[in-house]
> 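Structure below; questions to follow.
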Amino acid sequence: MLADKYGRTFKTLRVSLTNACNLFCNYCTDQPASEKASQPEDNVLSTKDYIKIINSLHNRLNLETIRLTGGEPLLYKDISNLIEGIREIGIKNVKLTTNAVFLKEKAVPLKNAGITNINVSLDSLDPESFFKISKRRNLKKILEGIDHALAIGIPVKVNTVVMKGMNTDQILPLLEFARERSISIRFLEVMKMGHLHNSYQDLYFSQEEILEKIAEQHQFIPMDREHGATATYWITDKKQVFGIIANESHPFCGDCNRLRLDSYGNIYGCLSNDNGISIKDHSDDSLKLEYSLKQALLQKQEVQFAGSVMSMRYIGG
Ligand code: SAM
């Protein structure tokens, strides 16, 4: 088995389908919001390319999970065929991380193609703070998308980046939103990525502060952390489970099993390293692929998340 000296290997592959996004969230970009979604650059992989690369990686790594992300993965027009192709390779879990702007219209095709879970990034239930974060006014559409996906039987989780001065007042309403729907919610500490690499402290709201806010209305106890998990979970006295992804204050590099593939065919072993290793032209050459995977494994941090100047939009959130 391919593993480093800490026993870490790659079991989950996060695949970025595009750099483009139809939201302009403050943690991903400081660019002014344009009328249209940002546009993908040239040379992105085709569905055939993705399937070929994923197949080679699966043959070597026996992957358990593929997570499609971006950019905004629902902007990738051929996503249903891609999901079907990945299912045919025999990978058990094919998950999606999306802002859900197009979820209402795409939920049925996604389900028919074989998607197994969807994580929705939802940072606020308040239209004004949602707009302040995303520069878009499509909160209603997103909420309808979540409810539609749930109605047709797709498991949905919500992820919320908690930011000082932006949405800390949304922690309790979002917790209630998740409770009403019996869905899982995870709160994320803001990470030193992209344009926030040196200024993330301005927005940073720690795990401890998130727990203090939840303690205003709930009693809770910690749960055991699963091996390789990004989140730590707590359970409230009303039996609601919530998680916190605390990259900064409680990093989880020690058992990280994630590999990333961007939309140009580069792999990355760690979010903290922006040196993509191209496998586009040699994913079917087992010796060269092995060498590239070993390089990617060496990118993993020992314990502490170091961040990167590359926005998560490019490396796949
Ligand atoms: N567009 C999709 C979405 O909105 O879910 C997928 C890509 S987006 C980069 C995925 C998620 O990464 C964001 O919604 C946010 O939760 C997280 N993210 C991106 N940059 C971040 C940062 N600097 N700190 C914390 N989370 C970040």
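This one's a predicted model, so the numbers in the text were calculated from it and none came from an experiment. Note that ligands are numbered from 1 as they come in the structure, with each ligand's atoms numbered from 1 the same way.
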> Quick test of your reading: applying side-chain hydrogen bond (donor to acceptor under 3.5 Å, both in side chains), list the pairs with at least one residue in residues 174-190, sequence neighbours left out, ordered by first then second residue.
Asp147-Arg181, Asn159-Arg186, Glu176-Arg179, Arg186-Tyr233, Glu189-Tyr204, Glu189-Ser249
> Does Tyr268 have Arg260 sitting over its ring (NZ/CZ under 6.0 Å from centre, angle to axis within 45°)?
no
> Determine the minimum heavy-atom distance between Thr168 and Met163, stating which atoms define it.
CG2-O, 3.6 Å
> Would you say Asp123's side chain and Val161's backbone share a donor-acceptor pair under 3.5 angstrom?
yes
> Do Phe205 and Phe187 pass the ring pair (Phe, Tyr, Trp, His ring centres under 6.0 Å) test, and can you show the C-alpha distance, the side-chain angles, and the key distance before you say yes or no?
CA-CA 10 Å; Phe205 199 73; Phe187 299 101; 10.0 Å; no
> Closer than 3.5 angstrom, by distance alone: can the side chain of His218 be matched with the main-chain N or O of Thr236 as a donor-acceptor pair?
no
> Which protein residues have a heavy atom under 4.0 Å from ligand 1?
Tyr27, Cys28, Thr69, Gly70, Gly71, Glu72, Thr97, Thr98, Asn99, Ser121, Val161, Leu188, Glu189, Val190, Met191, Met193, Met312, Gly317
